Amino acid sequence: MNLLLDTHAAVWFLEGNDKLRPTARQFIGDPNNNSFVSIVSLWEVGIKLSASKLELKSPFEEVFPGELDRNGIALLRLEIAHIARATSLPFYHRDPFDRMLVAQCLVEGLSIVSADAALDAYGVSRFW
């Protein structure tokens with residue numbers, strides 16, 4: 001299975017945070033699954049760090065890409081096709097980062113690992 005980690009799921013997985021449900025942790029850690037983190041999530045983390053809305057246990061530069069590499073999580077680049085798909089999404093969700101993650105899932109055929117049930121309205125497969 002190919003999984004895109006929502007920003008919170010990625011941070012919680014990489015930091016070993018108990019907020020990540022055991023089932024989500026199991027999906028991400030399963031060697032039979034391919035896990036991805038979007039470059040969009042890194043941008044979101046950077047913005048939240050600069051606004052003091054998020055703290056990481058390690059410096060950003062150590063977590064990304066270091067912890068991604070150590071955990072076998074690939075970085076998903078932002079492509080024009082993702083942006084094009086986002087332009088046609090209904091506004092079930094207003095967060096631009098989450099909307100782009102949904103667009104990436106739809107274009108790439110990925111399931112999302114997220115606690116955000118509002119994403120279900122887009123018809124993406126969500127695990128939590």
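Every value quoted in this text rests on a predicted model; they were computed, and no experiment measured them. FYI, side chains are in, hydrogens and waters are out, and symmetry mates aren't considered; it's all heavy atoms of this structure.
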Where is the tightest heavy-atom contact between [X] and [Y], given as atom of each residue plus distance?
X: Asp98; Y: Asp95; answer: N-OD1, 2.8 Å
X: Ala103; Y: Ala86; answer: CB-N, 3.7 Å
X: Val37; Y: Ala10; answer: CG2-CB, 3.8 Å
X: Cys105; Y: Leu4; answer: SG-CD2, 3.7 Å

For residues 111-123, which side-chain donor-acceptor pairs fall under 3.5 Å, sequence neighbours excluded?
residue, atom, partner, partner atom, Å
Ser111, OG, Ser125, OG, 3.4
Ser114, OG, Asp6, OD2, 2.7
Ser114, OG, Asp116, N, 3.0
Asp116, OD1, Ala118, N, 3.0
Asp116, OD2, His93, NE2, 2.6
Asp120, OD1, Arg126, NE, 2.7
Asp120, OD2, Arg126, NH2, 3.1
Tyr122, OH, Pro90, O, 2.7
Tyr122, OH, Tyr92, N, 3.1
Tyr122, OH, His93, N, 3.0
Tyr122, OH, Arg99, NH1, 3.2

Exam field: side chain [X] to backbone [Y], donor-acceptor pair closer than 3.5 Å:
X: Asn33; Y: Ser35; value: no
X: Asn71; Y: Ile73; value: no
X: Glu15; Y: Lys57; value: yes

Would Val107 and Met1 show up in the same hydrophobic cluster when neighbours are defined by side-chain heavy atoms closer than 4.5 Å?
->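 Cluster IDs for Val107 and Met1 differ.
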
Value rounded to 0.5 Å, distance of [atom1] in [X] from [atom2] in [Y]:
X: Glu108; Y: His82; atom1: CD; atom2: NE2; answer: 3.5 Å
X: Leu75; Y: Leu78; atom1: CG; atom2: CG; answer: 10.5 Å
X: Ile39; Y: Glu44; atom1: CD1; atom2: CD; answer: 12.5 Å
X: Lys48; Y: Leu56; atom1: NZ; atom2: CG; answer: 11.5 Å
X: Lys19; Y: Arg25; atom1: NZ; atom2: CZ; answer: 13.0 Å
X: Phe60; Y: Ser50; atom1: CZ; atom2: OG; answer: 10.5 Å

Can you check side chain to side chain contact (heavy atoms under 4.5 Å, CB included) on Leu5 and Val11, steps first, answer last?
-> CA-CA 9 Å; Leu5 310 186; Val11 170; over 6 Å; no

Can you check whether Thr7 reaches Leu42 side chain to side chain, under 4.5 Å on heavy atoms?
->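 No, too far: nothing below the 4.5 Å cut-off.
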
On the 0 to 90° scale, with breaks at 30° and 60°, tag the Phe27-Phe127 ring pair as parallel, tilted or perpendicular.
->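 Geometry flag for Phe127 against Phe27: tilted rings.
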
For the pair Trp128 and Trp12, name the ring-plane relationship: parallel under 30°, tilted 30 to 60°, perpendicular over 60°.
->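 Correct class here is tilted.
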
